[in-house]
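The chains referred to below are lettered A, B, ... by the order of the sequence lines, with proteins before strands, and numbering in each begins at 1.
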Amino acid sequence: MATMTMIQALNSALDTMMARDSRVLTFGEDVGYFGGVFKVTEHLQEKYGAKRCFDAPINECGIAGTAIGMAVYGLRPVIEIQFADYMYPAYDQLVSEAARIRYRSANDFTVPMTVRMPYGGGIYGGQTHSQSPEALFTHVAGLKTVIPATPYDAKGLLISAIEDDDPVIFLEPKRVYNGPFDGRRDRPVIPWSKHPASEVPEGYYKIPLGKANIVREGSEMTILSYGTMVHVALAATEDSGIDAEVIDLRTLLPVDIEAIKTSVQKTGRCVILHEATRTSGYGAELAALVQEHCFYHLEAPIERVTGFDTPYPHALEWEYFPTPPRIIKAMRRAMEA
Amino acid sequence: MATMTMIQALNSALDTMMARDSRVLTFGEDVGYFGGVFKVTEHLQEKYGAKRCFDAPINECGIAGTAIGMAVYGLRPVIEIQFADYMYPAYDQLVSEAARIRYRSANDFTVPMTVRMPYGGGIYGGQTHSQSPEALFTHVAGLKTVIPATPYDAKGLLISAIEDDDPVIFLEPKRVYNGPFDGRRDRPVIPWSKHPASEVPEGYYKIPLGKANIVREGSEMTILSYGTMVHVALAATEDSGIDAEVIDLRTLLPVDIEAIKTSVQKTGRCVILHEATRTSGYGAELAALVQEHCFYHLEAPIERVTGFDTPYPHALEWEYFPTPPRIIKAMRRAMEA
Amino acid sequence: MSRKNALDLHIPAPNARPGDKPNFSGWTFPEPGDTPRPDIDASPSELRDYAYGLIRVLDMEGNALGAWAPHLDPETLRRGLKYMILTRAFDDRMYRAQRQGKTSFYMQSFGEEAISVAQSMVLSPEDMCFPSYRQQGLLIARDYPIVEMMNQIYSNKRDPMRGRQLPVMYSSKKDGFFTISGNLATQVPQAVGWAMASAYSGDVRIAATWLGDGSTAEGDFHAAMTFAAVYRAPVIINVVNNQYAISSFQGIAGGENTTFAARGVGYGMAPLRVDGNDFLAVYAVTQWAAERARANLGPTLIEHFTYRGGPHSTSDDPSRYRPADEGRSWPLGDPLERLKQHLISIGEWSDDQHRAAQEAAVEQVREAGREAEKDGVLGAEGAHSAQSMFEDVYKEMPWHLQEQRKQLEV
Amino acid sequence: MSRKNALDLHIPAPNARPGDKPNFSGWTFPEPGDTPRPDIDASPSELRDYAYGLIRVLDMEGNALGAWAPHLDPETLRRGLKYMILTRAFDDRMYRAQRQGKTSFYMQSFGEEAISVAQSMVLSPEDMCFPSYRQQGLLIARDYPIVEMMNQIYSNKRDPMRGRQLPVMYSSKKDGFFTISGNLATQVPQAVGWAMASAYSGDVRIAATWLGDGSTAEGDFHAAMTFAAVYRAPVIINVVNNQYAISSFQGIAGGENTTFAARGVGYGMAPLRVDGNDFLAVYAVTQWAAERARANLGPTLIEHFTYRGGPHSTSDDPSRYRPADEGRSWPLGDPLERLKQHLISIGEWSDDQHRAAQEAAVEQVREAGREAEKDGVLGAEGAHSAQSMFEDVYKEMPWHLQEQRKQLEV
Ligand SMILES: Cc1ncc(C[n+]2csc(CCOP(=O)(O)OP(=O)(O)O)c2C)c(N)n1
Ligand SMILES: Cc1ncc(C[n+]2csc(CCOP(=O)(O)OP(=O)(O)O)c2C)c(N)n1
Ligand SMILES: [Mg+2]
Ligand SMILES: [Mg+2]
């Protein structure tokens, strides 16, 4: 066991898989010699050669499109979209092609590819380095959408994604790449090394897709979240004094409905957190599912605490980001309802 | 007053606006001499010349991108994306650019453009001529999303969209272009001329964006829908014998929350209909809003009747399409809950 | 506004519209046999001029001329001709089947048969083709059963695509034929990626892809060209310039002042421009490009200059936007007639044989049609279970699809 | 897998990496003054060779040579030099301001100042510029107050963008400077559309746009080139080839075997390739392209060949991916030094004047910095009310934003 940051854990997942399977290769903008702008692919070119880890032209459509062709050939490409905000040029290839090739060819062709992209705010990245576009993927039949919250999960989930025979969108919460940010701006950020989930095996292991993780058991309400917001949820729970059950969904599509049902039916209250804009965010789907599956157990309206329906504002990102005080307000509303 | 199909009404809206305002021009694939594959722009090139109504290269990114530039210049372009299924290459220009230019420039530049696209299934169009991507737009702050259900509304809403100073996504339910299809496959389709909403004034009039239309008053439940599904909702209501209030939302973003609240608080039950895939569809947002605003009035779980989470299957489209029998089942579940 | 020095917007317009005389006076073509054949290792910069010429082998009397003549044995030529005849007979019947309401949609390749048939014959069956919707000749020349194609078109119970795809959107991995997409040009970067994967794997197989003149405008084409040039992918990118994109002429796609082969020049890629109605010329340039790719010398962009003889699809009527007789006056003729003439002129074919071959093709198609219709046409009850709709979305069906499937059962 | 005739994947690699000697041996350049100046109405096909040459006016001794020499009066030259000096001083201070934690991010234009300054001086202030993030010289040469630029960079309370944009993402409609996007190349089709609108309106204004070598790979570039060529839009599309895209060299963008100007050839667009470090040459080609556009002769693609002197942004360290001293050995020198030398050689400038101008620029920047900092730097409390976050999403605030705003108040 080593202590790893999320970046190191992701790098270790790629390293592990590239060592095990020559079909695994990785490319993207600045991914090769430089090792990626966040260093997730560092040393892989050195270790596996330029043909297995290389730079791509700045054309996300081409990155996704060529990766689809490679996957169809029989490789297992892992591509990096430098920031999730720049996935839009690739969107057609991902939703109209990768997602549908198995279906439209009736299993004749398949696309085992993984699309990594750092997402989310909190790094003063402005409108185009802060977005959380997960709902644009969860609406698409044929894709899976995965978001880890810790180094341990990041490695295990990425290995599962690479081994999955369907295309997986793998969103990486960049705000917690180097440490578990909990939304409290006034306290020093804790390094990953102080967090138990930074204990990461060097070798191969998997965390199954589609399984949520109950990161805190509780009885008074259920908080559904993923990525960076899991840590913020824990901080809000601590600060609120409310005994919330905090669920890290880990996979958004297919979501672990059993975990959600069991928890909300137990607690009777539900707060949903995400960084993305509110309207038609993934929280809407969660709210719809919760009320469909737990209607008779609900004692209060389901609350959504989310990014606002505005572009991500550079200087006001701490007003925009759903921090513990805003979450606690929603938790209290849910408790008092 | 003339009797118009939805296509004629849309054509009349464009004609009216091009006659009134030289800043209005329209272009897209096959839009010029041919008048569009659905004939919405027929005769406009003849009448206004090739510079005001012309063919574009097959590049949706370029169509949207140049239209943004034109709108920034001060024109009011109306572009046609031949099928909503082909909007993906334009998606980046629409969501990262058109939607945000006012905000990011702090009102320095604005984008008064209208993006027309036929959407929806029921015409044996297969996977790429049947999609309903409205939820991919309602998630985007800075865009408005409009969907008419009748010729009268189509013209009035399109004129409002063109005059709106913000970018408007205008989705046209192609299944009802030529007649109000109600989802009953075993009965002949009624022509628009038999429908009161085909009475369309020749000249200028507007229907405000953001206002829903109660197309049927009822007391037992509320059905929320838009586009083709409005007609299906009415048929289902008729066939079910349930006294449902049927609301045609007309604008999805910003949605008419008052109309929704008033109705659901009155009826206590809610069924949401759309053609799009279920997960993270616009119905999720509606469900979330309804439970947020009407929690204490709800007597049954909110039902969603939607397209399934699969690509749109060519030969099985009548199994895929939410027809009255499926809707009635959901209505009964809601009644019996 | 009207000022001195005022700017003006240029909107390209074709030479002729309905009611006008067909007018191809803008085009000039080199003589057959005049274009030299460069070595396959020529550098892209040495090849620039090929983007602006036109490689022709057959003259209009049926003689094969010059360095590009592929010198095929008569048997190969006859096979090529028969595949073209079959393709045309197939198109003809399927077009009518749509008109008869047996399916929702059809697209012919009328006038463009030489391209897919010749190219299919040059490529190895192990190579992977990433076609658009107008290369049915690829499958036919790979002896793919036409009854299977009909099953797909009818979405009937033996449809290999299980009723999921619009007619003509075939897929056959074992025949090196990639599942066709309705979204234009998306297959082009995929083909480049497949070719890169083959090179990555030290394989010997190459990829080929096809798109229309209109589709070159899509961003995916640029992505593909960029990646192919950067990584020197072993791929052949074929632009089938049939001069139309639904109703709009090639000037709207950017062909008013240059050729489509010239796009290749921009990326430093080998560009060839060929008479797409000349079976021999298409055969020869494909051989050249395939050899080049197999020798690790990188991609080739081929523009096949042809004319779309029929409507875009069963959904449009071309006489609404171009002279109805335009196709007949296309100076480079009909690819079937031209190969037929060549075979006759070398004494390897006759009018009688031709008529017999046509009749045989029509009969073969009729026979296949009967067989396919036994399994139903579009709309036949029970061709596919509603349950099947939920399969193959993922390898394993997740809970929410299981639930939706159950909902439908009830 | 390893077989006979096995394919192999080519991954472009630069000549030199950290630890290596800088190596520009692959490049050859025509002599200054050697390139003829075509008439502005030359057809794109006559202009193809310009895509592969390099228009140079200044030799390395400061002499202005040949047909492209723009013959500017000394006052104009001195203005140009001063704007370049100011741009560099501004960059220098802002880079340090970021290091001091006063803002989150900064991007210099070090080494590329001639391009935006000369082009800004050629274009009319009524023309519309659609820049990327490295054309601060455009604003500076339009006498936009640098304190306003600093306010933007600091997101302080006088930031014209109200704290909403990443530093350097300026916008100023009245100065013909379009709001910069973080998404690469999206501005290019927008510029084409603006130019089309100007032509549509019978206006006289043209558009100009800038993007990097790396960004030419994006699909938006292809869209823009296609639309500009098809509709002959009055637009100048500038590719600033500074040889890098963050860490990757221009070979990854498709520059290994051809030039970026050559892309223009592919579309039948007038292509020019110019020494981007030669103020006079940039000035001259821009005049040519602007005249051409204003005369309704259509768009021009200009490749400005230069070298990115600094890091990509404050987020990277270039010595991690290229020789640290590579910039200093770029054979085409430093644009400021070269214009300075020219002015001195014609007797219109001196080392003393130069030093004084530099000091004045540093002082002007320092002064502006002091003023800007009075209004706060990034993170200062209360620079923008949280309420302002909800404004300008739409012209009028819809109910859901009003509600969200209220939620934040409570
Ligand atoms: C992304 C996308 N945009 C638009 C369409 C609609 N469409 C289908 S075919 C076609 C014309 C294509 O013309 P071309 O590429 O020349 O091919 P051809 O039909 O002539 O073979 C259009 C516009 C589409 N299928 N996909
Ligand atoms: C669509 C998109 N993809 C990726 C990025 C990330 N990115 C920002 S700048 C840059 C490099 C651009 O290089 P180039 O176009 O050569 O411009 P330069 O920085 O050299 O001026 C990259 C990859 C982005 N901003 N937008
Ligand atoms: Mg065509
Ligand atoms: Mg660059």
Supply the atom-to-atom distance [X] [atom1] to [Y] [atom2], rounded to the nearest 0.5 angstrom.
X        : Y        : atom1 : atom2 : value
A/Ile123 : D/Phe105 : CD1   : CZ    : 10.0 Å
D/Arg17  : A/Tyr33  : CZ    : OH    : 5.5 Å
A/Arg278 : D/Leu401 : CZ    : CG    : 11.0 Å
D/His400 : A/Phe308 : NE2   : CZ    : 12.0 Å

Between [X] and chain D, with a heavy-atom cut-off of 4.5 Å, which part of the residue counts as in contact: side chain, backbone, both or neither?
X        : result
A/Arg52  : neither
A/Ser22  : neither
A/Tyr320 : both
A/Glu60  : both

Regarding D/Asn183 and A/Thr128, is there a side-chain donor-to-acceptor distance under 3.5 Å anywhere?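 No - no donor-acceptor pair under 3.5 Å links their side chains.
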
I'd like to know if the side chain of A/His314 pairs up with that of D/Ser104 as donor and acceptor (distance under 3.5 Å, no hydrogens or angles considered).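 Yes, because at least one side-chain N or O of A/His314 sits under 3.5 Å from a partner of the opposite role on D/Ser104.
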
Test side chain to side chain contact (heavy atoms under 4.5 Å, CB included) on A/Asp309 and D/Val393; report intermediate values, then the result. CA-CA 8 Å; A/Asp309 283 324; D/Val393 181; over 6 Å; no

Using non-hydrogen atoms and a 4.5 Å limit, figure out which bit of [X] sits close to chain A: side chain, backbone, both or neither.
X        : value
D/Ala383 : neither
D/Ser181 : neither
D/Leu9   : both
D/His384 : both
D/Ile246 : both
D/Pro18  : both
D/Ile252 : both

Got [X] and [Y] here, is their nearest side-chain heavy-atom distance under 4.5 Å?
X        : Y        : result
D/Leu166 : A/Gln127 : no
A/Val37  : D/Asp316 : no
A/Leu316 : D/Ser388 : yes
A/Pro313 : D/Phe390 : no
A/Thr310 : D/Arg164 : no

Considering non-hydrogen atoms only, spot the tightest contact between A/Asp30 and D/Ala245 and give its length.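 Nearest heavy atoms, A/Asp30 then D/Ala245: OD1-O, 3.3 Å.
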
I need the minimum non-hydrogen distance between D/Ser248 and A/Asp55, along with the two atoms involved.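 That would be CB-OD2, 3.4 Å.
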
Pairs of heavy atoms under 4.5 Å with chain A: top-ranked of D/Ala380, D/Pro167, D/Gly379: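 Of the candidates given, the most pairs with chain A belong to D/Pro167.
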
Name the member of D/Asp8, D/Thr216, D/Leu184 that forms the most heavy-atom pairs with chain A at distances under 4.5 Å.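 So the answer, after comparing D/Asp8, D/Thr216, D/Leu184, is D/Asp8.
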
Out of A/Pro57, A/Gly62, A/Pro311, return the one with the most heavy atom pairs under 4.5 angstrom to chain D.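 Heavy-atom pair counts peak at A/Pro57.
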
Looking at A/Phe34 versus D/Tyr321, is the centre-to-centre ring distance below 6.0 Å?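 Yes; D/Tyr321 has its ring centre under 6.0 Å from that of A/Phe34.
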
Check this for me: D/Gln387, atom CD, are more than 12 non-hydrogen atoms of other residues, nucleotides or ligands nearer than 6.0 Å?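 Counting other residues, nucleotides and ligands, CD of D/Gln387 exceeds 12 neighbours.
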
Is it true that, when you exclude D/Arg320 itself, more than 12 heavy atoms of the residues, nucleotides or ligands shown sit nearer than 6.0 Å to its CZ?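 Incorrect, the count does not exceed 12.
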
